[in-house]
Number of protein chains: 2
Amino acid sequence: MNKLIETILDHRSIRKFTDQKITEDQIKIIVQAAQQASTSSYVMAYSIIGVTNETIKEQLCEVSGQPYVKDNGHLFVFCADLNRIHRLASSEVKKLLEKSMETTEQFMVAIIDTALAAQNATLAAESMDLGVCYLGSLRNDIHRVNDLLKLPDFVIPLFGLAIGYPAEKPEKKPRLPIDVVYHENNYELQDVTESLKKFDEELKTYYQNRSHNQRSDTWTKQMMRKYSKVQRAEVSSFVKNKNFNKS
Amino acid sequence: MNKLIETILDHRSIRKFTDQKITEDQIKIIVQAAQQASTSSYVMAYSIIGVTNETIKEQLCEVSGQPYVKDNGHLFVFCADLNRIHRLASSEVKKLLEKSMETTEQFMVAIIDTALAAQNATLAAESMDLGVCYLGSLRNDIHRVNDLLKLPDFVIPLFGLAIGYPAEKPEKKPRLPIDVVYHENNYELQDVTESLKKFDEELKTYYQNRSHNQRSDTWTKQMMRKYSKVQRAEVSSFVKNKNFNKS
């Protein structure tokens, strides 16, 4: 096993950072790493917003409900972005472009491009002994994030990425058994009851023994709770108002 | 600059592979690496299908229109997957879950989760001197891919990942200037004409001088061509028929 794979397998989300700021050089390397990810048809359909302004950070922190958002070394917000390309077009071509850009296909492309870039950023950061935490919680109030970051048409905030020097080393969280996730040649609707029962047991032990926020829980229970209520219902209309995912 | 960042920055898509197969151990490491990526609320909303069956590969190759799809060492298809969680529920709870799972928010979560996992897989592979190519082209006929891989409800094929031993080392493709992609504190609707003009020049030189498929083109022209016609319009209804992105 090489060092890169060790870094990948050693990943855990960091939710507590020291006061040490990351440097301009580190920021540049992280963004460059993000940009070198594969991109669908070369569209590079993302923008990255680095937030250092304390007022904006505090408000993003409120949206996320997670205190470390304002304490971390640096906060990146990853946005799906087709605005840049849209702006390049003359006004008559713009109309044509919109027909294409508003499809679910292009919405998916922009999300995938952005996420690939973010994972490169994550690993670049982790390789420099920084810790990261993804913040899907910015979608708790996607309209407010949109206003705070002044996002134009065809730009959607997908998630934040808090990056900084770790002030904790939490236990590594287990992952689903490989046979539940990996299939050969076609999707096997196999009975995963046994595998998931074992996983639930493993997770229960993890939750009971970890150093912080000990609790009694299983993956199955968590998932049933999570999906039993609709979350962030307004994301749907927000996305459409941004001209994404309309047709 | 450390080795991991060097690997990231050295990325180029590989579209020609040797006959050497990747090993079972390598496959396992690649999938484990994928699984260790961050996941929204721990849902791990993806499945990975490893395709080795020659008949299926040939048909996926036809869909993609890219010959190396069947020549590569191993073909992975990354699918957004909420089926696993849906199946865990009792029939009355299933109804409740569907209301949540069908939202655009959960569609986004599943795509992001899958893409983060795929980029870990990519880097794990590249760190073992393997080459990769993402295949969004599997969405050229998403219905056919769906049938070939026997995907159930709440499972969508997002892209393929061809992984194998490289039989080429193409030139590295330039990326957008960092000032076009990276913003501070809010989205700057700055005039990027000059930056993009320079980038178009850089790219023109790249296309004219690369060892394969030389041509005269710029990014701006490419993007205008690409978005001037609607692509993969049927992805939208396909996704909804899979119960994703309905509300």
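In the text below, chain A, chain B and the rest are named by the order of the sequence lines, each starting its count at 1.
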Peer 1: Just give me the residue among A:Leu82, A:Leu203, A:Thr122 that pairs up with chain B most often, heavy atom to heavy atom, under 4.5 Å.
Peer 2: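 Greatest number of close heavy-atom pairs with chain B: A:Leu203.
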
Peer 1: Who among B:Ile56, B:Val239, B:Val109 has the most heavy-atom pairs with chain A under 4.5 Å?
Peer 2: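 Greatest number of close heavy-atom pairs with chain A: B:Ile56.
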
Peer 1: Please look at B:Gln35 and chain A and tell me whether the side chain, the backbone, both or neither of the residue comes under 4.5 angstrom of a heavy atom of that chain.
Peer 2: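 The answer is both parts of B:Gln35.
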
Peer 1: Go through B:Ala37, B:Ala115, B:Ser127 and name the one with the most non-hydrogen pairs under 4.5 angstrom from chain A.
Peer 2: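 Heavy-atom pairs under 4.5 Å are most numerous for B:Ser127.
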
Peer 1: Verify, without hydrogens or angle tests, whether A:Asn186 (side chain) and B:Leu151 (backbone) share a donor-acceptor contact under 3.5 angstrom.
Peer 2: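 Answer holds: no.
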
Peer 1: So which part of B:Asn185 gets closer than 4.5 Å to some heavy atom of chain A, the side chain, the backbone, both or neither?
Peer 2: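 Backbone plus side chain of B:Asn185, per the 4.5 Å heavy-atom cut-off to chain A.
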
Peer 1: Could you check whether the rings of B:His183 and B:Tyr187 sit parallel, tilted or perpendicular, using 30° and 60° as the cut-offs?
Peer 2: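 Judged by the thresholds at 30° and 60°, the geometry between B:His183 and B:Tyr187 is parallel.
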
Peer 1: Do B:Lys94 side-chain atoms and B:Ala89 backbone N/O form a donor-acceptor pair below 3.5 Å?
Peer 2: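 Yes.
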
Peer 1: Measure B:Ser38 against the heavy atoms of chain A and call it side chain, backbone, both or neither at under 4.5 Å.
Peer 2: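 Both the backbone and the side chain of B:Ser38 come within 4.5 Å of chain A.
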
Peer 1: Looking at B:Val181, B:Val230, B:Val235, which has the largest count of heavy-atom pairs under 4.5 Å with chain A?
Peer 2: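 The candidate making the most pairs under 4.5 Å is B:Val181.
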
Peer 1: State whether B:Arg225 and B:Asp217 are salt-bridged, where the test is any N-O pair (Lys NZ or Arg NE/NH1/NH2 against Asp/Glu carboxylate O) under 4.0 Å.
Peer 2: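 Salt bridge: yes.
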
Peer 1: Does the Lys NZ or Arg CZ of A:Lys173 fall within the cation-pi geometry relative to B:Tyr42 - under 6.0 Å from the ring centre and within 45° of the axis?
Peer 2: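 That pair qualifies as a cation-pi contact.
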
Peer 1: Check each atom of A:Ala124 against the heavy atoms of chain B and say whether the ones under 4.5 Å are side chain, backbone, both or neither.
Peer 2: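 Contact with chain B: backbone and side chain both.
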
Peer 1: Among B:Lys226, B:Gln231, B:Lys99, B:Arg84, which residue forms the greatest number of heavy-atom pairs with chain A at distances under 4.5 Å?
Peer 2: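 So the answer, after comparing B:Lys226, B:Gln231, B:Lys99, B:Arg84, is B:Arg84.
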
Peer 1: Would you call the rings of A:Phe107 and A:Phe244 parallel, tilted or perpendicular if under 30° counts as parallel and over 60° as perpendicular?
Peer 2: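 Tilted.
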
Peer 1: If you count heavy-atom pairs within less than 4.5 Å of chain A, which of B:Leu4, B:Asp25, B:Leu96, B:Leu123 leads?
Peer 2: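 Option with the top pair count is B:Leu4.
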
Peer 1: Between the side chain of A:Arg232 and the main-chain N/O of B:Thr104, is any donor-acceptor distance below 3.5 Å?
Peer 2: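 The answer is no, because no donor-acceptor pair under 3.5 Å joins these two groups.
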
